[in-house]
Every structure is written in C-alpha cells, then in structure tokens.
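One structure is given below, encoded as structure tokens.
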Protein chains: 2
Amino acid sequence: MDTKSLMIEKATLLFQQKGYKSVGVSEILKACDVTKGALYHHFPNGKEELLIACLKSLKEAITIDMEDIFKRHSSTQEATQFMINKLIRNLETEGKLTGYTFSSIVSEMATVSEPVRQACNSLYENIQTIYYTKLVTEGFSNEAASDVALLMTTSIEGAIMLCQTQQSTAPLKTISKLLPTILKG
Amino acid sequence: MDTKSLMIEKATLLFQQKGYKSVGVSEILKACDVTKGALYHHFPNGKEELLIACLKSLKEAITIDMEDIFKRHSSTQEATQFMINKLIRNLETEGKLTGYTFSSIVSEMATVSEPVRQACNSLYENIQTIYYTKLVTEGFSNEAASDVALLMTTSIEGAIMLCQTQQSTAPLKTISKLLPTILKG
DNA sequence: CCTTACATACCAACCGGTCTGTTTGCTATT
DNA sequence: AATAGCAAACAGACCGGTTGGTATGTAAGG
C-alpha cells in the first residue's frame with residue numbers, strides 16, 4: 001500500500017481510539033514506520049489535514065459498508081440490527097470501538113476547527129440519509145423518515161458512548177432490542 | 001468563593017467545552033487567576049484529580065437539577081421536555097453546551113483512565129436512575145423502565161453531539177418531539 | 001536533470017509537574 | 001494580652017520531556 005493511504009488508515013484507528021489531541025504525530029509516524037518528511041510531504045498542513053483526510057476516508061468506508069448492509073436486508077429493522085451486531089462483535093473482539101464511531105473527534109474538535117466540524121457533519125448526514133432512504137421505501141413519510149433516522153443515529157451514537165463508560169455491550173444490545181419501538185414512527 | 005470550588009467550577013466549564021487534553025493547566029489557572037501552587041495544593045495528583053473532582057461536582061449539580069425538574073412535573077414526558085428545552089436555551093444563549101453534557105471527556109478518557117471512566121459511569125447511572133424511578137411510578141415494569149431510561153439517555157446524549165456538529169438545536173428539538181414515541185415502552 | 005518522495009536534524013513553544021519560598025491566620029503558652 | 005510557633009494556603013521560579021512544525025539533505029525515477 002502507498003504511504004499516504006497507510007498513514008490515513010493507521011491514523012484513523014488511533015484517532016478513533018484516543019481522540020485527536022491525545023495522539024501525537026510521532027505516535028502516528030511510529031505506527032506507520034515512516035518519518036516526519038513523509039507526513040508533511042503528503043499533508044502540508046500537518047496533523048489537522050491528516051485528520052480531515054481520515055474523516056473523509058471514514059465517511060466513504062462507512063457509506064459503502066452500510067449501503068451494502070441495507071441492500072442485503074429487506075427491512076430497516078433487520079439491516080440496523082445486523083449493523084449493531086457488527087458493532088457489538090467488533091467491540092467484543094477488539095476491546096475498543098473502531099467501527100463507525102468517531103465521537104471523540106466530534107466532541108473534541110467540532111467547536112474548535114470549522115473544517116473538522118464540517119467533515120463530521122457530512123459523515124452524520126450520510127448515515128442519516130441511508131436510514132432515511134430505506135425508511136421512505138418502507139412507506140414512511142418524508143418527515144417521519146427524517147425524524148426516525150435522527151433518532152436512530154443519536155441513540156446508537158449515545159449507546160456507543162455508554163458502552164465505553166460501562167465497558168459492556170449491554171447498551172447497544174438494548175437499543176437493538178428497542179428498535180421496533182423506535183421504528184414505530 | 002473559596003479557591004478550590006472556584007477552580008472546579010471554571011475547570012468544569014473548560015473541560016466540557018474543549019475536552020481534557022485540549023485544556024492546559026495554565027489555561028485553567030489563568031481563568032481562575034491563581035497559580036500552580038494553588039492547584040497542586042488542593043489537587044496533589046494534578047490535572048486528572050481536578051477532572052475527577054469536576055465530574056463529581058457535575059454529578060451533584062445535574063442530580064439536584066434533574067430531581068427538581070422531575071419533582072415539579074407530573075409526567076416523565078413533561079419533565080424531560082422541560083429539561084431538553086433548558087438544554088436548548090442554554091445552547092442558544094451561550095453558543096456552547098455547558099449544561100448536562102460531558103461527552104468529550106467520556107470519549108477521550110474512558111478508555112485511558114479507569115477512575116475517570118468510573119466517575120463518568122456513575123454520572124450516567126444517576127441520570128438513568130432518575131428516569132427509571134419516574135417511569136416506574138408511572139406504571140412501567142422494571143425492565144421496560146430500565147430500557148426506556150437507557151433509550152432516553154442515549155438519544156439525548158447523541159442529539160447533543162449532533163447539535164454540536166450541525167451547529168443547530170434541531171436534533172434536540174426533534175428528540176423532544178419524538179418523546180411520546182420513545183415513551184411508548 | 002529535475003521532480004517526487006521521503007529521511008534526518010533541528011527548533012521554539014508548551015506541557016504537566018516539582019520545588020522552594022512567603023504570607024497568613026489560628027493556637028497554645030507565658 | 002503578647003508572643004511564639006506552626007501549619008495551611010498559596011506564589012513563582014524552574015525542569016525535563018514532548019509537542020507540532022520546519023528546513024535541509026538525499027535517493028530514486030522518469
């Protein structure tokens with residue numbers, strides 16, 4: 001793999017796990033086994049530009065992944081439950097959440113850096129659009145679909161945070177169980 | 001006010017707004033107009049001990065505030081909607097979220113520091129207990145009340161994050177609107 | 001031969017934390 | 001009541017380590 005992609009991949013993982021400020025450039029460099037020359041060659045504006053590249057890459061990855069899941073399951077409920085299960089499995093095997101979440105970056109950077117905020121916003125919008133589209137095909141009105149998509153996004157994102165503090169997958173499992181309620185519209 | 005309380009108050013605000021790593025001790029010191037001597041006198045273990053003190057103080061403040069709201073409103077729905085409105089007003093006037101949230105600390109520190117994780121967990125548990133208690137008095141079964149309390153917590157916490165990225169209060173407003181759905185059990 | 005893709009050395013700024021004063025207020029003794 | 005003593009409550013200088021970032025060097029490829 002080329003150096004640039006490698007750096008984005010490794011940095012994404014580190015940022016997701018530890019947040020932005022907690023990860024030093026030297027740490028990223030070490031993980032990729034490259035030096036500063038490489039970083040500032042590919043990302044002239046340094047760390048923050050790398051973060052934004054990570055968010056864009058993450059957006060693509062999540063979109064592809066979710067769209068595939070939502071294509072393969074007939075109902076929103078089944079698809080979402082499958083997705084949450086994937087999150088849970090991920091959390092159980094790796095110990096840390098490295099899948100769809102990037103909440104640390106949001107809460108740490110959204111109020112500080114405008115470009116980062118926009119990248120995060122774009123990511124959330126994409127996720128909600130996937131829910132929305134599926135819900136509309138199921139007969140939901142535009143408004144109802146939009147509302148439910150938001151509720152799904154927030155409750156899953158919130159559940160991920162609770163899983164971190166509780167060090168258990170219970171919150172995500174409960175949300176998965178409550179999906180029928182959420183999807184009542 | 002005594003120095004220690006002042007430091008907790010100012011630091012809490014800064015930690016909520018910027019996260020943990022992003023706030024330097026010197027920044028806190030400047031905000032309080034004190035010096036390092038004062039900090040390491042009251043908090044011998046430094047910055048992290050101060051953070052934990054902030055979380056404990058925040059827990060008390062939130063508990064008192066929420067219990068008061070839930071005492072003054074007959075139904076869970078009314079109480080929660082009032083609470084969300086308060087969050088929205090807070091967000092609109094101050095521009096930043098300084099009320100109930102501390103998501104930045106969770107996602108940044110939960111996987112790094114065990115004492116901090118426990119403090120955050122204790123805070124979330126308190127919030128859920130307040131919901132739970134009220135729901136049980138309304139006739140919910142123990143399990144249903146527990147589930148709904150979780151869903152309320154996660155969706156509000158998630159909505160706060162979306163408000164930050166969108167720079168709007170729309171997500172919280174939508175969650176407030178969807179409360180009847182959430183409370184169907 | 002000149003651009004791309006790095007490596008390496010270097011830097012000022014800042015980080016959290018420690019150490020050593022110094023002031024202040026209470027308290028026990030005379 | 002005066003004073004001695006002593007601990008609490010800071011202030012401020014200082015420290016090694018790390019931070020993100022830059023400037024220069026260099027090897028490879030077209």
Side-chain angles (χ1 to χ4, degrees), chain A residues 1-55 57 104-105 107-117 119, chain B residues 1-55 57 104-105 107-117 119:
Chain A
M1 190 188 311
D2 62 304
T3 305
K4 191 172 181 178
S5 304
L6 176 72
M7 294 183 68
I8 291 177
E9 188 181 293
K10 297 279 188 186
T12 300
L13 224 71
L14 286 169
F15 285 145
Q16 279 182 294
Q17 287 174 356
K18 297 196 189 181
Y20 180 69
K21 294 264 181 182
S22 301
V23 179
V25 287
S26 58
E27 188 179 354
I28 300 170
L29 265 21
K30 207 178 289 172
C32 303
D33 202 34
V34 292
T35 57
K36 287 206 172 167
L39 171 61
Y40 287 91
H41 171 70
H42 293 292
F43 307 97
N45 292 331
K47 197 185 175 188
E48 186 167 322
E49 188 182 346
L50 173 59
L51 171 65
I52 293 172
C54 289
L55 289 171
S57 146
S104 45
I105 281 101
S107 43
E108 205 177 337
M109 296 291 287
T111 57
V112 180
S113 162
E114 180 61 15
V116 173
R117 203 214 92 229
Chain B
M1 191 190 309
D2 63 304
T3 305
K4 191 172 182 178
S5 305
L6 177 71
M7 294 182 68
I8 292 177
E9 187 181 294
K10 297 279 187 186
T12 301
L13 225 70
L14 286 169
F15 285 146
Q16 281 182 294
Q17 288 175 356
K18 296 197 192 181
Y20 180 69
K21 295 261 182 182
S22 301
V23 180
V25 287
S26 57
E27 189 180 351
I28 300 170
L29 267 21
K30 207 177 291 173
C32 304
D33 202 35
V34 294
T35 58
K36 287 208 172 163
L39 171 61
Y40 287 90
H41 171 70
H42 292 292
F43 306 97
N45 293 331
K47 196 184 173 187
E48 185 168 323
E49 188 181 347
L50 173 58
L51 170 65
I52 293 173
C54 288
L55 289 172
S57 147
S104 45
I105 281 101
S107 43
E108 207 176 338
M109 296 291 289
T111 57
V112 180
S113 162
E114 180 61 16
V116 173
R117 203 213 91 229

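Per chain, numbering begins at 1; letters A, B, ... match sequence-line order.
The minimum heavy-atom distance linking B:Leu39 with B:Met7 is given by the pair CD1-CE, 3.4 Å. A pairwise comparison of heavy atoms in B:Gln17 and A:Thr111 identifies O-OG1, 3.4 Å as the closest pair. Contact between B:Phe15 and B:Ile105 at its shortest, heavy atoms only, is O-CD1, 3.4 Å.
Within 6.0 Å of NZ on B:Lys10 lie no more than 12 heavy atoms contributed by other residues, nucleotides or ligands. In the displayed structure, B:Asp33 atom CG is contacted under 6.0 Å by at most 12 heavy atoms of other residues, nucleotides or ligands.
What separates CG of B:Leu29 from P of C:dT18 is a distance of 14 Å, to the nearest Å. With rounding to whole Å, A:Leu14 atom CG is found 16 Å from D:dG20 atom C1'. Here D:dG21 presents its P atom at 10 Å from CD of A:Glu49, a figure rounded to the nearest Å. C:dT4 atom P lies 13 Å from atom NZ of A:Lys4, rounded to whole Å. If you take CG of B:Leu51 and P of C:dC15, they are 17 Å apart, rounded to a whole angstrom. With rounding to whole Å, A:Lys30 atom NZ is found 11 Å from D:dT18 atom C1'. When the C1' atom of C:dA7 is taken as reference, atom CE of A:Met7 falls 13 Å away, rounded to whole Å. Atom NZ of A:Lys47 and atom C1' of D:dT18 are 12 Å apart (whole Å).
Between D:dC10 and B:Thr3, a contact under 4.0 Å exists linking OP1 or OP2 to a side-chain N or O. B:Ser26 has a side-chain polar atom (N or O) that falls below the 4.0 Å cut-off from OP1 or OP2 of C:dC15.
Contacts between residues 33-46 of chain A and DNA chain C, counted as heavy-atom distances below 4.0 Å, involve A:Val34, A:Thr35, A:Lys36, A:Gly37, A:Ala38, A:His41, A:His42.
Cation-pi geometry between B:Lys21 and A:Tyr20 is not met: the NZ or CZ atom fails to fall both under 6.0 Å from the ring centre and inside 45° of the normal.
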Quick one, B:Phe43 with B:Ile8, criterion side-chain contact (heavy atoms from CB on, under 4.5 Å). Give me CA distance, side-chain angles, the key distance, then yes/no. CA-CA 10 Å; B:Phe43 306 97; B:Ile8 292 177; 3.9 Å; yes

From CA spacing to verdict: side-chain contact (heavy atoms from CB on, under 4.5 Å), A:Thr3, A:His41: CA-CA 11 Å; A:Thr3 305; A:His41 171 70; over 6 Å; no

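Axis angle across the helix from C:dC1-D:dG30 to C:dT30-D:dA1, with five pairs used at each end and values rounded to 10°: 0°.
Ionic pairing of B:Glu114 and B:Arg117 is present here: one or more N-O contacts between side-chain nitrogen and carboxylate oxygen are shorter than 4.0 angstrom.
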